[in-house]
Asks: 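Let me give you the structure first, and then I'll get to my questions.
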Amino acid sequence: MKRNLDTAEELELYRAESLGVGFFGLSVSPDGSRLAFMVKEKVPQRVLLTLSTEGGTPHELYRGDFNNPLPFANAWTPDSRHLLIHAKDGRLTRLWAVPSEGGALRKLNLAMEILSQPAISPDGR
C-alpha cells in the first residue's frame, strides 16, 4: 500500500497470496521511485521484483532456488543501478549484484559464514 500522509489517500501497489512467508525484503530505491521486494512463488523458488511507487506491473529481475542462488534480502546501491542480494554459495553466504533494469546476476567478492540484511551507506562508502 502507498499512503499519502497529508491526505490519508491510499493506493494498493501490489497484492500477493501466500500460505506462508510469501512477501519480504522490501526496500525503497534511493530516489524513492521504485520498490524492490521478493515473493516466494513456490517452495523453494523466490523472485526478486521491482515496482514503481506509482503502481503498475512489477518487473522481474531475478528468480532463484536452491540450485541457483536463492535470495534472502536486498539493498539498493546509491545510484539505483543495482540491487545487492545475499544468497548461499556452498557453506558460505555471498553478496551478489543484480542490475535494477534487468540483466545477469554478478557474484561479488564478499562471502562469509553469516551475512544478513545488506545495507549501503547513503553516500556509497
Asks: Could you list the donor-acceptor pairs under 3.5 angstrom formed between side-chain atoms of residues 106-115 and any protein atom two or more places apart in sequence or on another chain?
Replies:
| unit_1 | atom_1 | unit_2 | atom_2 | d |
| --- | --- | --- | --- | --- |
| Lys107 | NZ | Asp89 | OD2 | 3.3 |
| Glu113 | OE2 | Arg91 | NH1 | 3.4 |

Asks: Quick check: do Leu84 and Ile120 have side-chain heavy atoms less than 4.5 Å from each other?
Replies: yes
Asks: Do Ser29 and Trp76 have side-chain N/O donor and acceptor atoms under 3.5 Å apart?
Replies: no
Asks: Can you tell me how far CZ of Arg3 sits from CD of Glu10, rounded to the nearest 0.5 angstrom?
Replies: 5.0 Å
Asks: Apply side chain to side chain contact (heavy atoms under 4.5 Å, CB included) to the pair Gln45 and Lys40, showing each step before the final yes or no.
Replies: CA-CA 6 Å; Gln45 197 165 74; Lys40 185 184 285 186; over 6 Å; no
Asks: Looking only at heavy atoms, what is the nearest atom pair of Ala104 and Pro99, with distance?
Replies: O-CD, 3.3 Å
Asks: Show me the pairs that pass ring-ring contact (aromatic ring centres under 6.0 Å, His included) and involve residues 106-125, at least two apart or across chains.
Replies: none
Asks: Return the set of residues passing side-chain hydrogen bond (donor to acceptor under 3.5 Å, both in side chains) with Thr57 (not counting sequence neighbours), or none when no residue passes.
Replies: none
Asks: With sequence neighbours left out, what residues match Leu11 under side chain to side chain contact (heavy atoms under 4.5 Å, CB included)?
Replies: Lys2, Leu13
Asks: Check for a donor-acceptor pair, side chain of Thr53 on one end and backbone N or O of Gly32 on the other, with a separation under 3.5 Å.
Replies: yes
Asks: To check you understand the geometry: which heavy-atom pair defines the closest contact between Leu83 and Ser27, and what is its length?
Replies: CD2-OG, 4.3 Å
Asks: Please lay out, stage by stage, how Asn74 and Met38 fare under the test side chain to side chain contact (heavy atoms under 4.5 Å, CB included).
Replies: CA-CA 9 Å; Asn74 70 77; Met38 284 172 255; 3.5 Å; yes
Asks: How would you list, by chain and number, every residue that makes a side-chain hydrogen bond (donor to acceptor under 3.5 Å, both in side chains) with Ser52, sequence neighbours excluded?
Replies: none
Asks: Please, which pairs that meet side chain to side chain donor-acceptor pair (under 3.5 Å) have at least one residue in residues 78-87, sequence neighbours excluded?
Replies: Thr77-Asp79
Asks: For Glu60 and Leu49, which heavy atoms make the closest approach, and how far apart are they?
Replies: CA-CD2, 3.6 Å
Asks: For Trp96, give me all partners under side-chain hydrogen bond (donor to acceptor under 3.5 Å, both in side chains), at least two apart in sequence or on another chain.
Replies: none
Asks: With side chains defined as the heavy atoms from C-beta onward, is the minimum distance between Thr50 and Leu35 less than 4.5 Å?
Replies: no
Asks: With sequence neighbours excluded, tell me which residues meet ring-ring contact (aromatic ring centres under 6.0 Å, His included) with Tyr14.
Replies: Phe37
Asks: Got a sec, which residues hit side chain to side chain contact (heavy atoms under 4.5 Å, CB included) with Thr7, two or more places apart in sequence or on another chain?
Replies: Asn4, Glu9
Asks: If I take atom CD1 from residue Ile85 and atom CG from residue Leu105, how far apart are they, to the nearest 0.5 angstrom?
Replies: 5.0 Å
Asks: Between Val39 and Leu48, is the side chain to side chain contact (heavy atoms under 4.5 Å, CB included) condition met? List the steps.
Replies: CA-CA 7 Å; Val39 176; Leu48 175 62; over 6 Å; no
Asks: Among residues at least two apart in sequence or on other chains, which ones pass side chain to side chain contact (heavy atoms under 4.5 Å, CB included) with Glu101?
Replies: Arg34
